[in-house]
Each structure stands twice: as C-alpha cells, then as structure tokens.
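Read the structure below first, then the notes.
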Amino acid sequence: MAAITTQGRVATPSTSAREARERLALLDRALDELDRAQSLLDRAEVVADTDPRAAFELAHRAALRAAGVVIDRANRARRRRLPLNAWQALSRLGATHRDWAREVEPMVAERRRLDGNEGAVPDLDLLARHCRSTRERIAAVRAETVMAHLPEAGAVAAGAR
C-alpha cells in the first residue's frame, strides 16, 4: 500500500526521493544563511573594541539573517506572507519568536539612532547584549531549522527522552 504525503499525494519512491532532496536543499540553504550570520557576528565581536559602530551594524545584520531563516520557513507554510519587516514578522509568529522581536526593540532603536547621526557611538552595553543574544538566537534557529527539515531527527530526539 502506498503512503500518502502531507500534501495529499501518493508517495512513490521517486516522489519520496524528490521530496527528501528538496527538504535537504532547503536545509542546506538555511544552514548556509545561518553560517553567514555567524560569520557576521564573529566579525562584530572582533571589531567591537576598535569600531563599535561597525560591530553594532554587523551584529544587527547577523540577527536579521537569522530572523530571515525563521521567516522564510514560516512563509513556505503560510497562505499569506508575513510582513517584510523582520521584527514585525517574528512578532506575528508568536511564542519565542514574539519574545525575540520584543527583545530586539532596543537594538532596533539604537540602530535607528546611529543611522541618524554619523558621529554617534553605540551604547557598549547594548552592543555586548546584542552580540550575546544574537549568538544565542543563531544557535536556537539552527537547532529549530534542523528539527523542522529533518522529521526523522525529531523522532530520534523524542525517542531519546
């Protein structure tokens, strides 16, 4: 007896293999994007002492890339796309993503302040908090992404409890 896929189609070996390839391709793209976010954050931490303004921008871009991975995955599962503003989109997703959007509000305000004044220097405590929270969020999004793209990983994790 043939299995039925989540899209309601009959799964044949070729469709199952194709769906697995598509799922792995999506996972690869998401992980590549998270690697780029991690690289931006790593650079931010390197230049934080010498160029805090550039470090703040790099940390913020890293956070936006990580948010983009979450939003991209959510948009694939939705009929209506989420807003283009990453933080508004995360807020609409609810739960931990809404918390993330709230958490980043002071960083968004600081970035806006920096954009409006070329000579302004970011609040160094806020920069450190931005780097720390972005590092945590990238790790969380990475784990969430793997679990979402590899259903068998979720089954293994559930069985390990």
Side-chain angles (χ1 to χ4, degrees), residues 1-48 54-105 107-108 111-112 115 127-161:
M1 185 166 157
I4 304 296
T5 68
T6 56
Q7 291 81 21
R9 297 186 303 245
V10 174
T12 62
S14 63
T15 60
S16 295
R18 183 177 45 237
E19 288 173 355
R21 281 192 306 274
E22 289 170 1
R23 192 169 54 245
L24 288 174
L26 289 171
L27 176 61
D28 283 346
R29 282 196 298 271
L31 292 177
D32 285 347
E33 194 64 25
L34 290 169
D35 287 345
R36 285 190 284 278
Q38 186 65 55
S39 177
L40 287 170
L41 185 59
D42 291 344
R43 286 194 315 196
E45 291 172 333
V46 166
V47 301
F56 194 90
E57 182 64 23
L58 289 166
H60 200 74
R61 287 183 184 194
L64 286 168
R65 283 187 182 271
V69 170
V70 172
I71 294 162
D72 182 54
R73 187 176 63 248
N75 274 335
R76 281 195 307 280
R78 296 171 64 95
R79 196 177 277 219
R80 284 185 59 196
R81 295 181 65 78
L82 291 163
L84 292 178
N85 180 295
W87 311 120
Q88 289 175 4
L90 284 179
S91 185
R92 285 204 188 160
L93 290 174
T96 59
H97 301 303
R98 180 177 291 129
D99 294 342
W100 183 6
R102 286 186 190 129
E103 177 185 301
V104 81
E105 285 174 0
M107 288 81 158
V108 171
R111 186 179 189 214
R112 194 175 304 119
D115 285 346
L127 171 59
R129 195 168 96 204
H130 203 358
C131 288
R132 188 174 46 256
S133 68
T134 299
R135 181 168 303 286
E136 292 167 2
R137 293 296 179 173
I138 290 170
V141 170
R142 186 179 303 278
E144 181 183 312
T145 299
V146 169
M147 296 303 281
H149 284 88
L150 297 176
E152 50 280 352
V156 169
R161 290 184 201 162

Under 4.0 Å between a Lys/Arg side-chain N and an Asp/Glu carboxylate O for [X] and [Y]?
| X | Y | result |
| --- | --- | --- |
| Glu33 | Arg36 | yes |
| Asp32 | Arg65 | no |
| Arg61 | Glu57 | yes |

Which pairs would a plain distance check flag for residues 66-80, meaning a side-chain donor or acceptor within less than 3.5 Å of a matching protein atom at least two apart in sequence or in another chain?
residue : atom : partner : partner atom : Å
Asp72   : OD2  : Arg76   : NH1          : 2.6
Arg73   : NH1  : Thr145  : OG1          : 3.2
Arg73   : NH2  : Glu144  : OE2          : 2.2
Asn75   : OD1  : Leu82   : N            : 2.8
Arg76   : NH1  : Asp72   : O            : 3.4
Arg76   : NH2  : His149  : NE2          : 3.3
Arg78   : NE   : Arg80   : O            : 3.0

Report yes if some heavy atom in the side chain of [X] is under 4.5 Å from a heavy atom in the side chain of [Y]; otherwise report no.
| X | Y | result |
| --- | --- | --- |
| Leu127 | Cys131 | yes |
| Val104 | Thr134 | no |
| Leu41 | Gln38 | yes |
| Arg135 | Asp42 | yes |

All pairs passing side chain to side chain donor-acceptor pair (under 3.5 Å) where residues 84-96 contributes a residue, at least two apart: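 Listed once each, the pairs would be none.
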Would the number of heavy atoms belonging to other residues, nucleotides or ligands and lying under 6.0 Å from CZ of Arg98 be above 12?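 Enclosed: over 12 neighbouring heavy atoms sit under 6.0 Å from CZ of Arg98.
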Using 0.5 Å steps for rounding, measure from the [atom1] atom of [X] to the [atom2] atom of [Y].
| X | Y | atom1 | atom2 | result |
| --- | --- | --- | --- | --- |
| Leu26 | Leu31 | CG | CG | 11.0 Å |
| Arg21 | Glu19 | CZ | CD | 10.5 Å |
| Leu90 | Asp99 | CG | CG | 10.5 Å |

Qualifying residues under side chain to side chain donor-acceptor pair (under 3.5 Å), relative to His60, sequence neighbours excluded: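 His60 satisfies side chain to side chain donor-acceptor pair (under 3.5 Å) with His130 once adjacent residues are dropped.
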